[in-house]
Novice: 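For reference, the structure I am asking about is given below.
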Amino acid sequence: MDIKTINSVKINQSNMSAAAQSRPLKITGDVGASFIANVIKINGTGKESYYNFKTNAFTDKFVAANALKQTMSSNNFSIPIVFPADASGDVYSIIVIPSKNTVLKNGNGVINKKITQVGQTTLALELDEGSEINSDFQSKYTAHPPDSPVSSVGSTVQIAPTNVSIDWNLTNAASDTHGFGFMLPDRPASNQFTIPDSYWFTQQLQIVNGAITSSTTLVLDSVVNLIVGMTLSQTSAGSISGAPVITAISGNTITLSVAQSLSDGVALGFRAYGPALISKVFGLNIAFNNFIAIGTQLTKTVRTDTTFPASDGAVTLNLNGTYGVTGNSLVRITGFNINENANNNLVTSVSASSTAGSVNVTFAGAADDVVSAVVPVGTKIYVNGSHQEIKITGTVIINKYPESNAKLKLDLTKFITHGVASA
């Protein structure tokens, strides 16, 4: 009996993206070698479908055309296999079985080549105003979240990076209770602040499995997506002591840097701050480029003629609306006939109104040897240090998409301070 040999079965087995593509199945061997080939698709649901070699499509039911029966007429055989677009993620088995007095060179009875089609995942980017930790923070903004999230969909097998442009606007609430503006760190004269990468985070919620009292170790229902270095940031009941960080994970037991007292069944929020930790949680590769926060220069108009005296004291300046102005001697006003020497014109308190209201400012006329001056109605004044609007811009560079859908947030509490009416 003349035994024929199949020497090799080759197909590109690297991960496929979600896009449709064709890959050749190449078989080498003796002339007269025979084989049967099948391509089986394991759908994301676990259901099988079968490649039809006549239609180049997959069918749910197995028919004769799903089996390629071939006798080699030369030493090389090649046929393209067309893989359809599929965003859910699938695994394909390319099976070659020798037949009719044919054997495989390596001695195996069957060759099974597997290819993974990686599904697309979504990376969501949004702002976090801190309302999960302090519900009052939500009231400081006109929207929740403060501006619309941005999403990007891609595959983990992509080659080129994806750039996602961010252009967010934060607007202070138009409220007599909460409309005292936003302040950037150190209230820069440029009204601009460079946002560190470490202010971005991803959060995972897990449930306490068994109450603890003054303990650094606790058991959770699951530790999925938890890693050493994450910060315990919130709890659904009770309170968090200090700023605990995960220092160890063993099974479902975690160790924290600060002892806690927590009840059974409480939901805990753990945050991974910065690109290095974020990448470990989701297996993505990401960078944040040129993120800055720019406060819009705040201007108001004077509602009544106001005299700045030659003597020391406080001056009340009536305005056509006060929203965005903060008190507590943190910001300063400037404008026509308003002396700017020393610590003049720090806003000590604000009487809030959307169309009226007033601000009280400090004034050291005698100390600065200035004369009395009138600031007339309609004068434009500039408020330096607080803003009704802050614009955030930058680019998120996605070098590798996450293995599962992920959400990243920018922690506004790290660099936005909410204004107050007075000390």
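Because the structure is predicted, anything quoted here is derived from the model rather than measured. The analysis underlying the following values was restricted to heavy atoms, covering all of them including side chains, and did not include hydrogens, waters or symmetry mates.
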Novice: Does any non-hydrogen side-chain atom of Phe77 lie less than 4.5 Å from one of Leu25?
Specialist: no

Novice: Roughly how far, to the nearest 0.5 Å, is the CD1 atom of Ile240 from the OG1 atom of Thr235?
Specialist: 6.0 Å

Novice: Output yes when a side-chain donor or acceptor of Thr231 lies under 3.5 Å from a complementary backbone atom of Ser233, and no otherwise.
Specialist: no

Novice: Quick one: pull up CG in Asn163 and CG in Asn399 and give me the separation to the nearest 0.5 Å.
Specialist: 8.5 Å

Novice: Would you say that Thr121 contacts Leu284 through its side chain, given a criterion of any heavy-atom pair below 4.5 Å between the two side chains?
Specialist: no

Novice: How close do Val359 and Val350 get, counting heavy atoms only, and between which atoms?
Specialist: CG1-CG2, 4.1 Å

Novice: Indicate whether the side chain of Thr299 and that of Lys380 have a donor and an acceptor atom separated by less than 3.5 Å.
Specialist: no

Novice: With distance as the sole test, does Glu389 use its side chain to make a donor-acceptor pair with the main-chain N or O of Thr296 at under 3.5 Å?
Specialist: no

Novice: Say whether, by atom type as modelled, one donor and one acceptor occur between the side chain of Arg187 and the main chain of Gly385 under 3.5 angstrom.
Specialist: no

Novice: Is Ile227 close to Lys280 at the side-chain level, that is, under 4.5 Å between some pair of heavy atoms?
Specialist: yes

Novice: Determine whether Lys114 and Ser93 satisfy the following criterion, side chain to side chain donor-acceptor pair (under 3.5 Å), listing intermediate values before the conclusion.
Specialist: CA-CA 5 Å; Lys114 291 186 181 294; Ser93 288; 2.8 Å; yes

Novice: Under a 4.0 Å N-O cut-off, is there an ion pair linking Lys414 with Asp128?
Specialist: no

Novice: Is there a side-chain contact (heavy atoms from CB on, under 4.5 Å) between Ile333 and Ile338? Walk through the geometry before answering.
Specialist: CA-CA 8 Å; Ile333 63 169; Ile338 299 177; 4.3 Å; yes

Novice: Walk me through whether Leu220 and Leu226 qualify under side-chain contact (heavy atoms from CB on, under 4.5 Å).
Specialist: CA-CA 11 Å; Leu220 303 171; Leu226 295 188; 3.5 Å; yes

Novice: Going by the angle between their ring planes, with limits at 30° and 60°, are Tyr273 and Phe201 parallel, tilted or perpendicular?
Specialist: tilted

Novice: Hey, is the main chain of Gly324 close enough, under 3.5 Å, to the side chain of Lys300 for a donor-acceptor pair?
Specialist: no

Novice: So which heavy atom on Thr162 is nearest to which on Ser152, and how close?
Specialist: CG2-OG, 4.0 Å

Novice: Which heavy atom in Asn225 sits nearest to a heavy atom in Met230, and how many Å separate them?
Specialist: O-SD, 3.6 Å

Novice: Do the non-hydrogen side-chain atoms of Leu104 and Ile111 ever get within less than 4.5 Å of each other?
Specialist: yes

Novice: Glu126 side chain to Ser148 main-chain N or O, any donor-acceptor pair under 3.5 Å?
Specialist: no

Novice: Establish, from distance only, whether the side-chain atoms of Thr28 and Asn76 form a donor-acceptor pair under 3.5 Å.
Specialist: no

Novice: Would you say Asn285 and Ser279 are linked by a side-chain donor-acceptor pair, where the criterion is simply a distance under 3.5 Å?
Specialist: no

Novice: Does any part of the side chain of Thr362, heavy atoms only, come nearer than 4.5 Å to the side chain of Asn344, both counted from C-beta?
Specialist: no

Novice: Hey, is NZ on Lys400 packed in by over 12 heavy atoms from elsewhere, all under 6.0 Å?
Specialist: yes

Novice: Please confirm whether the backbone N or O of Thr202 pairs with a side-chain atom of Gln204, one donor and one acceptor, at under 3.5 Å?
Specialist: no

Novice: What residue among Asn172, Ile390, Asp411 forms side chain to side chain contact (heavy atoms under 4.5 Å, CB included) with Ile416?
Specialist: Ile390

Novice: Could you check whether any side-chain heavy atom of Asn384 comes within less than 4.5 Å of a side-chain heavy atom of Gln297, counting everything from C-beta outward?
Specialist: yes

Novice: Within this structure, what is the CD-CG distance for the pair Gln120 and Leu123, rounded to the nearest 0.5 Å?
Specialist: 13.5 Å

Novice: Assess whether ring pair (Phe, Tyr, Trp, His ring centres under 6.0 Å) is satisfied between Phe83 and Tyr51, documenting all intermediate values.
Specialist: CA-CA 9 Å; Phe83 299 93; Tyr51 187 73; 7.3 Å; no

Novice: Ring-plane angle category for Tyr92 and Phe58, please: parallel below 30°, perpendicular beyond 60°, tilted otherwise.
Specialist: tilted

Novice: Is a side-chain donor or acceptor of Asp86 paired with a backbone partner of Ala18 at a separation under 3.5 angstrom?
Specialist: no

Novice: Going through the distances and angles, do Leu317 and Val361 end up as a side-chain contact (heavy atoms from CB on, under 4.5 Å)?
Specialist: CA-CA 8 Å; Leu317 198 61; Val361 299; 5.6 Å; no

Novice: Is the closest side-chain donor-acceptor distance between Asn52 and Asn66 under 3.5 Å?
Specialist: no

Novice: If the test is side chain to side chain donor-acceptor pair (under 3.5 Å), which one of Gln138, Lys140, His144 qualifies with Glu129?
Specialist: His144

Novice: Please report the C-alpha distance between Thr316 and Asn360 in whole Å, then the side-chain angles of each, then the deciding distance to 0.1 Å, and finally whether the side chain to side chain donor-acceptor pair (under 3.5 Å) criterion is met.
Specialist: CA-CA 4 Å; Thr316 298; Asn360 290 322; 2.5 Å; yes

Novice: Of all the heavy-atom pairs spanning Phe53 and Asn38, show the shortest one and how long it is.
Specialist: CE1-CA, 4.4 Å

Novice: From Asn290 CG over to Thr194 OG1, what is the distance, rounded to the nearest 0.5 angstrom?
Specialist: 7.5 Å

Novice: Decide yes or no on side-chain contact (heavy atoms from CB on, under 4.5 Å) for Leu125 and Trp200, but give the supporting numbers first.
Specialist: CA-CA 10 Å; Leu125 305 160; Trp200 288 88; 4.2 Å; yes

Novice: Output the distance between atom CG (Asn337) and atom OG1 (Thr306), rounded to the nearest 0.5 Å.
Specialist: 11.0 Å

Novice: For the residue pair Ser386 and Val331, what are the closest heavy atoms and their distance?
Specialist: N-CG1, 3.6 Å

Novice: Is Asn112 close to Ile94 at the side-chain level, that is, under 4.5 Å between some pair of heavy atoms?
Specialist: no

Novice: Answer yes or no: are there more than 12 heavy-atom neighbours, outside Lys391 itself, under 6.0 Å from its atom NZ?
Specialist: yes

Novice: Under the 3.5 angstrom rule, does the side chain of Lys113 hit a backbone N or O of Val9 as a donor-acceptor pair?
Specialist: yes

Novice: Could you go through Tyr323 and Ser175, starting from their C-alpha distance and side-chain angles, then the distance that decides it, and tell me whether this counts as side chain to side chain donor-acceptor pair (under 3.5 Å)?
Specialist: CA-CA 7 Å; Tyr323 292 165; Ser175 161; 6.0 Å; no

Novice: Can you tell me how far the OG atom of Ser190 sits from the CD1 atom of Ile294, to the nearest 0.5 Å?
Specialist: 8.5 Å

Novice: Do the side chain of Thr247 and the main chain of Thr255 share a donor and acceptor less than 3.5 angstrom apart?
Specialist: yes

Novice: Can you see which heavy atom on Leu205 is nearest to which on Gly269, and at what distance?
Specialist: CD2-CA, 3.5 Å

Novice: Can you check side chain to side chain donor-acceptor pair (under 3.5 Å) on Asn320 and Thr301, steps first, answer last?
Specialist: CA-CA 6 Å; Asn320 287 322; Thr301 56; 3.0 Å; yes

Novice: With sequence neighbours excluded, tell me which residues meet ring pair (Phe, Tyr, Trp, His ring centres under 6.0 Å) with Tyr141.
Specialist: Phe182, His418

Novice: Testing the 3.5 Å rule here: is there a donor-acceptor pair between the side chains of Ser422 and Asn328?
Specialist: no

Novice: Would you call Leu408 and Ile278 a side-chain contact if the rule is heavy atoms closer than 4.5 Å?
Specialist: yes

Novice: Would you indicate whether Phe62, at its atom CZ, is surrounded by more than 12 heavy atoms from other residues, nucleotides or ligands within a distance under 6.0 Å?
Specialist: yes

Novice: Give a yes or no answer on whether the side chain of Thr59 reaches the backbone of Lys61 with a donor-acceptor pair at less than 3.5 Å.
Specialist: yes

